[in-house]
Amino acid sequence: MKAAVVGAGWAGLAAAVELADAGQDVTVFEMAPQPGGRARSVAGPDPTWPYDNGQHILIGAYRDSLALMQRLGVGPQHVLQRLPLALPYPGEAGLQLPPGSALVSFTRGVLAHRGWPLGARLGLLMAAGGWLARGFRCAPDLTVAALCAGLPAVVRRDLVDPLCVAALNTPAAEASARVFLRVLKDALFSGPGSADLLLPRRPLSTLLAEPAAAWLGPRLRLGHRVQQLTAQGQVDGEAFDAVVLACTSVEAARLTAEVAPAWSALAGAFSFQPIITVYLHSPGSRLAAPMLALREGPQAPAQFVFDLGQLGGAPGRFAFVVSGAAGWVARGGCGEAVLAQAQAVLAWATPPVIDKVLIEKRATFACTPGLARPPGRIAPRLWAAGDYVDGPYPATLEGAVRSGRAAAQGVEAEAAAAGGAAKGAASGSPTNTP
Ligand SMILES: Cc1cc2nc3c(=O)[nH]c(=O)nc-3n(C[C@H](O)[C@H](O)[C@H](O)COP(=O)(O)OP(=O)(O)OC[C@H]3O[C@@H](n4cnc5c(N)ncnc54)[C@H](O)[C@@H]3O)c2cc1C
């Protein structure tokens with residue numbers, strides 16, 4: 001089978017590897033000069049230390065992403081720093097989960113968190129017990145803020161709000177409680193280490209995009225923006241037996257406007273949330289941990305800071321993450337505000353300066369309650385992959401990889417069914433007998 005994959009982000013690369021492994025003749029079209037999509041490195045003045053297009057965090061539960069890296073010969077243990085989940089704030093130890101089974105370690109970690117009054121700790125454990133008893137499910141129209149309204153304020157401020165904006169890139173007041181609970185469930189119930197944070201120790205492109213590009217070789221066509229798709233499987237005039245659209249939702253909506261208008265309308269209806277990454281430079285400085293949580297406020301945009309020198313990256317480089325950043329994109333001045341926030345709450349060996357500000361206006365879709373996401377199957381022999389495709393996850397690397405694999409498996413299953421039907425017709429026997 002000749003299969004086309006449009007887009008070489010993590011979803012498209014996952015689909016392409018899955019199809020190639022199944023023996024299919026794959027061609028990947030990518031409009032950018034490099035693969036990786038939103039999860040790529042960005043060149044800087046020093047080629048040794050490119051920037052990441054935003055600091056990315058994986059967690060231990062990202063099963064398919066880690067398996068794909070292994071498949072491409074990348075040892076996650078070499079490129080990712082594994083840390084038990086901890087949310088230290090400047091000068092405060094914060095919540096720390098000890099190693100071990102995630103549920104037990106969550107309970108032990110919460111009970112041991114002396115920074116919160118005992119009532120707050122017990123309140124969180126009771127609420128978590130309730131979520132567990134209900135199978136981490138809730139009404140589709142509930143927001144995270146509504147779900148957590150009964151929690152002590154300190155728990156909402158120090159745990160729920162930063163986790164929500166980090167995982168869903170949507171403020172708790174607007175974020176889907178159903179998706180939030182699903183992320184918690186996977187982190188707490190996918191086995192020991194599933195809640196661990198996995199922080200990149202190498203430039204983002206080297207985690208997956210570059211190894212995948214080397215593995216695909218000439219099957220990856222960079223710098224080709226697909227302009228047209230037909231219902232017969234023609235991609236810019238070239239015939240394919242099956243197509244996986246792994247481009248952004250906006251591009252997928254454009255390409256399917258005529259061949260699948262209802263699907264296209266759903267894909268085109270997302271609203272987006274920006275993420276701003278502010279890189280500060282301060283030679284000789286070191287944070288108390290590779291990652292610190294920060295308290296966001298009207299003049300304090302960042303929720304997290306990463307000490308990249310401690311993570312094997314550029315010494316003296318610090319990545320400040322501003323998720324759910326729509327307000328700051330509209331207002332401007334985020335870099336300067338982050339610098340002021342950094343000077344106010346952290347100790348520096350040398351005065352920090354702004355190194356680079358990266359603004360991704362469409363970093364992820366806004367993960368709001370009841371959001372209708374388009375399905376992976378668009379039409380016969382035409383599938384979609386991407387972090388926005390219907391699934392339990394918010395816009396994440398793992399959501400992208402899972403959707404890519406699912407699309408490739410859908411293509412395979414459809415081809416197998418068609419092959420079976422053709423054989424059945426040739427032999428004159430029905431194909432749907434058990
Ligand atoms: C700043 C930032 C921080 C993030 N942090 C995290 C994090 O900590 N953890 C996490 O799990 N996720 C994080 N994410 C989300 C994660 O990056 C995305 O969910 C994931 O990369 C999406 O992959 P994708 O393949 O679905 O889409 P994309 O990466 O957008 O890939 C789509 C590809 O299609 C290409 N394309 C588009 N149109 C065409 C066309 N017509 N023809 C050919 N090619 C085309 C694009 O160039 C692109 O390469 C973050 C995202 C950003 C922006």
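Here, residue 1 is the first one in the sequence, and each next residue gets the next number. Indexing begins at 1, ligand by ligand and atom by atom, following the structure's order. Not measured: the values here are computed from a predicted model.
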Among Thr364, Thr248, Asp387, side-chain hydrogen bond (donor to acceptor under 3.5 Å, both in side chains) partner for Arg38: Asp387
Numbering as shown, the atoms of ligand 1 that approach His224 to under 4.0 Å (heavy-atom distance): 42 (N), 43 (C)
Atom indices of ligand 1, in the order listed, that fall short of 4.0 Å to a heavy atom of Gly7: 33 (C), 34 (O), 35 (C), 44 (N)
Short N or O distance, Thr248 and ligand 1, threshold 3.5 Å exclusive: no
Option set Leu58, Leu397, Val226, criterion heavy-atom distance to atom 12 (N) of ligand 1, minimum: Leu397
Candidate with minimal heavy-atom separation from atom 37 (C) of ligand 1, of Pro200, Ala167, Cys247: Cys247
Phe306-Phe318 aromatic ring centre distance below 6.0 Å: no
His56, Met31, Arg38: member with heavy atom nearest to atom 43 (C) of ligand 1: Met31
Ligand-residue contact atoms, ligand 1 with Ala246, heavy atoms, under 4.0 Å: 32 (C), 33 (C), 34 (O)
Pairs involving residues 270-281, ordered by first then second residue, that meet salt bridge (Lys or Arg N to Asp or Glu O under 4.0 Å) (sequence neighbours left out): none
Qualifying side-chain hydrogen bond (donor to acceptor under 3.5 Å, both in side chains) pairs, either residue in residues 286-315, two or more places apart: Glu92-Arg295, Asp158-Arg295, Glu296-Gln303, Asp307-Gln310
Ligand 1 atoms in contact with Glu251 (distance to a heavy atom under 4.0 Å): 37 (C), 38 (N), 39 (C), 40 (C), 41 (N)
Tyr62, portion touching ligand 1 at heavy-atom distance under 4.0 Å: side chain
Atoms of ligand 1, numbered as shown, that sit under 4.0 Å from any heavy atom of Gln55: 3 (C), 5 (N), 8 (O)
Numbered atoms of ligand 1 (with element) below 4.0 Å of Gly54, judged on heavy atoms: 1 (C)
Asp387 N/O under 3.5 Å from ligand 1 N/O: yes
Electrostatic pair Asp52-Arg40, nearest N-O below 4.0 angstrom: no
Option set Pro33, Ala363, Pro274, criterion heavy-atom distance to atom 53 (C) of ligand 1, minimum: Ala363
Atoms of ligand 1, numbered as shown, that sit under 4.0 Å from any heavy atom of Gly386: 26 (O)
His281 side chain near Lys356 side chain, heavy-atom distance below 4.5 Å: no
Atom indices of ligand 1 within 4.0 angstrom of Gly9 heavy atoms, with elements: 25 (O), 29 (O), 31 (O), 33 (C), 49 (O)
Centroid-centroid distance, Tyr388 to Phe270, less than 6.0 Å: yes
Close N or O approach (Ile57, ligand 1; < 3.5 Å): yes
Short N or O distance, Asn53 and ligand 1, threshold 3.5 Å exclusive: no
Salt bridge flag under 4.0 Å for residues Asp64 and Arg405: yes
4.5 Å side-chain heavy-atom contact, Trp116 and Val155: yes
Contact with ligand 1 for Arg40, non-hydrogen, under 4.0 angstrom: no
Any Ile276 heavy atom less than 4.0 Å from ligand 1: no
